[in-house]
Peer 1: 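My structure is below; once you've seen it, I'll send some questions.
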Amino acid sequence: MSSVSAVPNTPASGSTPTLYGGSSGRRVTVRDIAAAKARREKWPMVTAYDAMTARVFDDAGIPVMLVGDSAAMVVYGYDSTLPVTVDDLLPLTAAVVRGSSRAMVVADLPFASYQASPQQALETAARFMKEAGAHAVKLEGGQRVLPQVELLVSAGIPVMAHLGLTPQSVNVLGGYRVQGRGQSGEELMADAKALEHAGAFSVVLECVPSDLAQRVTASLSIPTIGIGAGPDTDAQVLVWQDLMGLTTRPAKFVKKYFDLAGEMDRAVRSFADEVANGVFPAPEHSYS
Ligand code: KIV
């Protein structure tokens, strides 16, 4: 007999449909995400940039994967998200779609690919949907991108919004710092409500005080996805290289669940030592 776990964040084995760990045999949709908010299910989102990693996360039941413009740093080695282009991100997005079968794959629209006009946003988003098979797009900003959100949604493209620390605006923000303290918290709240009204299906809150994130979450009927926004958002997102311990000097909000850099270091040194000592390849790795 199956039973539904009493632990909210554990995949259910019973009949209750869950966003995290549910086995529907089809892609997660915006309707599933809205239903999770209605039943107050908390859910995880991770970034992904290649097919094999996407398959691992998909098999683990992660319902939403973001092909973030953080690829600029963790894939391409830049020191900000600004240099990465649509042409850089399209093949990564296509790989994540090919590597997964259940997760909704959200493509991040990179810097200067949507800000100029709603038409520019539509052309860019359409490339991610048509050429890479993305199921939704994400863009950064509040009031100033409302016309973009409205046009995309009216064209049938689900939009994930992103408020708080918006890394594409790092030069205006004056660094990677907490946003929304004091009066600017009320502006962020107004932005979040306006984005919901414009049709966004979810909103990322990055590096904002926990009490503000809690208030925004309680005020919206669409889910909030926190990163450095405390425990009360509907979902949590981390860059996978951060949570796996591959990143050097991660932010305060990162919890390291694995020492991937250390494990890789040990493994590659073992390989190198065995090659140097003539231990690898052994007979079982050789053809007769
Ligand atoms: O690009 C990214 O990875 C992101 C997440 C950190 C939300 O925008």
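Remember, it's 1-based here, ligands and their atoms both numbered in the order they're listed. Computed from heavy atoms alone, side chains included, the values below leave out hydrogens, waters and symmetry copies. Owing to the predicted nature of the structure, the values given are computational and were not obtained by experimental measurement.
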Peer 1: What pairs with Glu263 under salt bridge (charged side-chain N to carboxylate O under 4.0 Å, His left out), at least two apart in sequence or on another chain?
Peer 2: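 With neighbours one apart ignored, the set is Arg266.
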Peer 1: Regarding Arg215 and Glu186, does a basic nitrogen lie under 4.0 Å from an acidic carboxylate oxygen?
Peer 2: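 Looking at Glu186 together with Arg215, the answer is yes, because their closest N to O distance falls below 4.0 Å.
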Peer 1: For Gln119 and Glu123, run side-chain hydrogen bond (donor to acceptor under 3.5 Å, both in side chains): C-alpha distance rounded to whole Å, both residues' side-chain angles, the deciding distance at 0.1 Å, then the answer.
Peer 2: CA-CA 6 Å; Gln119 189 59 33; Glu123 283 165 13; 3.3 Å; yes
Peer 1: Dump the pairs for me: ligand 1 N or O, protein N or O, distance under 3.5 Å, to 0.1 Å.
Peer 2:
| residue | atom | partner | partner atom | Å |
| --- | --- | --- | --- | --- |
| ligand 1 | 1 (O) | Asp69 | N | 3.2 |
| ligand 1 | 1 (O) | Asp69 | OD1 | 2.9 |
| ligand 1 | 1 (O) | Ser70 | N | 3.0 |
| ligand 1 | 1 (O) | Ser70 | OG | 3.2 |
| ligand 1 | 1 (O) | Asp108 | OD2 | 3.2 |
| ligand 1 | 3 (O) | Ser70 | OG | 2.5 |
| ligand 1 | 8 (O) | Lys138 | NZ | 3.0 |

Peer 1: Got a sec, which residues hit side-chain hydrogen bond (donor to acceptor under 3.5 Å, both in side chains) with Asp87, two or more places apart in sequence or on another chain?
Peer 2: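 side-chain hydrogen bond (donor to acceptor under 3.5 Å, both in side chains) list for Asp87, sorted by chain: Arg127.
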Peer 1: Do Leu243 and Phe258 share a hydrophobic cluster, counting only Ile, Leu, Val, Met, Phe, Trp and Tyr and linking them when any side-chain heavy atoms are less than 4.5 Å apart?
Peer 2: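 The answer is yes; both residues are in one hydrophobic cluster.
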Peer 1: For Thr124, give me all partners under side-chain hydrogen bond (donor to acceptor under 3.5 Å, both in side chains), at least two apart in sequence or on another chain.
Peer 2: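 Listed in chain order: nothing, the list is empty.
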